[in-house]
Amino acid sequence: MLKNKNILVGITAGIAGYKICELIRMYKKAGANVRVVLTPNAQHLVSKLTLQTLSNNEVYIENFEINNYKPEHIALTEADIFVIAPATANSIGKIANGICDNLLLSTACAFANPMLIVPAMNTNMWNNPFVQENIKKLKTAGYHILEPADGFLACGTNGVGRMREPEDIFEKTVKILTGRLDGKKILITAGGTKEKIDPVRYISNSSSGKMGIALADNAYSMGADVTLISTFSVDRNYKNIVTPTALEMEKAVKENFAEQDCVIMASAVADYRVKNYSEQKIKKGVNEGKDDELTLKLVKNPDILKEICAERNASNSRSAGVRVKPIIAGFCAESENLIENAKIKIQNKGCDFLIANDISRKDIGFNSDENEVYILDKNLNIKHIEKDTKQNIAKRILEEIFEQV
Ligand code: CTP
């Protein structure tokens, strides 16, 4: 999987440093060439000899050990990815502020390829507003952060701060280097539901389902195990469950969502359905003999997105190393006050991401081949994805969401 990839591993002085020996073994087994750089304090926690033996390479700690006539921190940047694990609050703060007072930090400052930072620290340190500010700064600048898990910590307490396991770090590295979602299960819904009035008529909306299909196609080509639940049938190589109505979609989503790594509700689910479906075609003049008016009574449909988020939150055990699964994203179609309404909607639905688009614009959204979206996360961070084809927008959405999966 990682054949010919050059991975630079950075270890800072976190007690979880011993677990990096296993990570290096995994990288080597997958065919990567591994070099290791330590902060001076990290050498008290994990031995240089062990790391040298596992990586079959020199291990770097101090500045100014001349290598090939290039300054060491520049020579070390010749790698496809720099994985810093564990990353302490101290090193995170320095990286986020361009401080270079050891070889690892100078290398981080000069590194131009993707960087994966894997924090590990005490819960109060993780929750410290300055640490959070630094994490936010790094995320905004495009650094990959593998956020710590909730579990037992070396300081004897339980809480968020535990370094993610070597398997997770390995998986994340592969994903960053190959852009692949192999082994990930993803469920996507698409299309406007058709709420039946009688055997030949229904109430629906203008959603074409193009965005949902673009998401499913891209997830499939990135290697994911895709299930598309759509209101019309789609001829593809992935699983497709056809559910024309909101109630049918609700049943299919509920039967399938718990086993997924990610669910994206891109369908336009009708908020109401006809209360009394007529088995026979409705004839003119059923309303007390008049045929110039017809009254249809509508009843509320279930809010599928809100219900699966509630179910997921109730059943998710947030114990050691267990991730919140599945990650759930919804769409948000608004014709006015896009961002304000999206902020309210993500909180109301309880999902992890909300992709907001302005349906009042004629050039994007419903039925168009292009879109322009804002991706909100549950902390109300907003990322703008400029107007592009739905295919490219879908890829960007998947990359953003799968940062967390
Ligand atoms: N959704 C859902 N079930 C519904 C209505 C919507 O699962 N009965 C999902 C959609 O698939 C979408 C998200 O909720 O991912 C937001 O849909 P949207 O139509 O923007 O909002 P509504 O919840 O319908 O709220 P409103 O119409 O009041 O804006």
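Start at 1 and go down the list; that is how both ligands and their atoms are numbered. Worth saying up front: this structure is predicted, and the values here are computed from it rather than measured.
- Of the protein's non-hydrogen atoms, the one nearest atom 12 (C) of ligand 1 is Phe331 O, 3.1 Å.
- Nearest-residue assignment for atom 6 (C) of ligand 1 (options Met249, Lys306, Lys349, Glu250; heavy-atom criterion): Lys349.
- Between His384 and Tyr374, the two ring planes are parallel [angle under 30°; tilted spans 30° to 60°].
- At least one heavy atom of Ala333 sits closer than 4.0 Å to an atom of ligand 1.
- Counting atoms of ligand 1 from 1 in the listed order, those under 4.0 Å from a heavy atom of Met265 are 7 (O), 11 (O), 12 (C), 15 (O).
- The nearest protein atom to atom 5 (C) of ligand 1, hydrogens excluded, is given as Asp271 OD1, 3.3 Å; this is a heavy-atom distance.
- Of the possible donor and acceptor atoms, one in the side chain of Ser208 sits under 3.5 Å from a partner among the backbone N and O of Lys210.
- Protein heavy atoms are found less than 4.0 angstrom from atom 20 (O) of ligand 1.
- Against a heavy-atom cut-off of under 4.0 Å, Ile304 is close to the following atoms of ligand 1: 2 (C), 3 (N), 7 (O).
- Geometric assessment of Lys194 against the ring of Tyr202 yields a positive cation-pi assignment under the 6.0 Å and 45° thresholds.
- Counting only distance, with no hydrogens or angles, the side chain of Arg162 and the backbone of Phe152 share a donor-acceptor pair below 3.5 Å.
- Of all atoms in ligand 1, listed by their number and element, those nearer than 4.0 Å to a heavy atom of Cys332 are 20 (O).
- Checked by atom type and distance alone, the side chain of Asn240 pairs as donor or acceptor with a backbone atom of Val234 at under 3.5 Å.
- Judged purely by atom type and a 3.5 angstrom limit, Asn113 has no side-chain atom pairing as donor or acceptor with the backbone of Ile81.
- Distances below 4.0 Å separate heavy atoms of Pro302 from the following atoms of ligand 1: 3 (N), 4 (C), 8 (N).
- A donor-acceptor contact closer than 3.5 angstrom links the side chains of Asn218 and Gln391.
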Step-by-step salt bridge (charged side-chain N to carboxylate O under 4.0 Å, His left out) determination, Asp369 to Lys390:
CA-CA 6 Å; Asp369 287 328; Lys390 283 188 174 168; over 6 Å; no
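- Residue contact check for ligand 1: Lys345 places a non-hydrogen atom closer than 4.0 Å to it.
- Checking Gly192, Gly330, Gly212, Ser267 against atom 10 (C) of ligand 1, the nearest heavy atom belongs to Ser267.
- With ligand atoms numbered from 1 in the order given, ligand 1 contributes 2 (C), 7 (O), 9 (C), 13 (C), 14 (O), 15 (O) to contacts under 4.0 Å with heavy atoms of Leu305.
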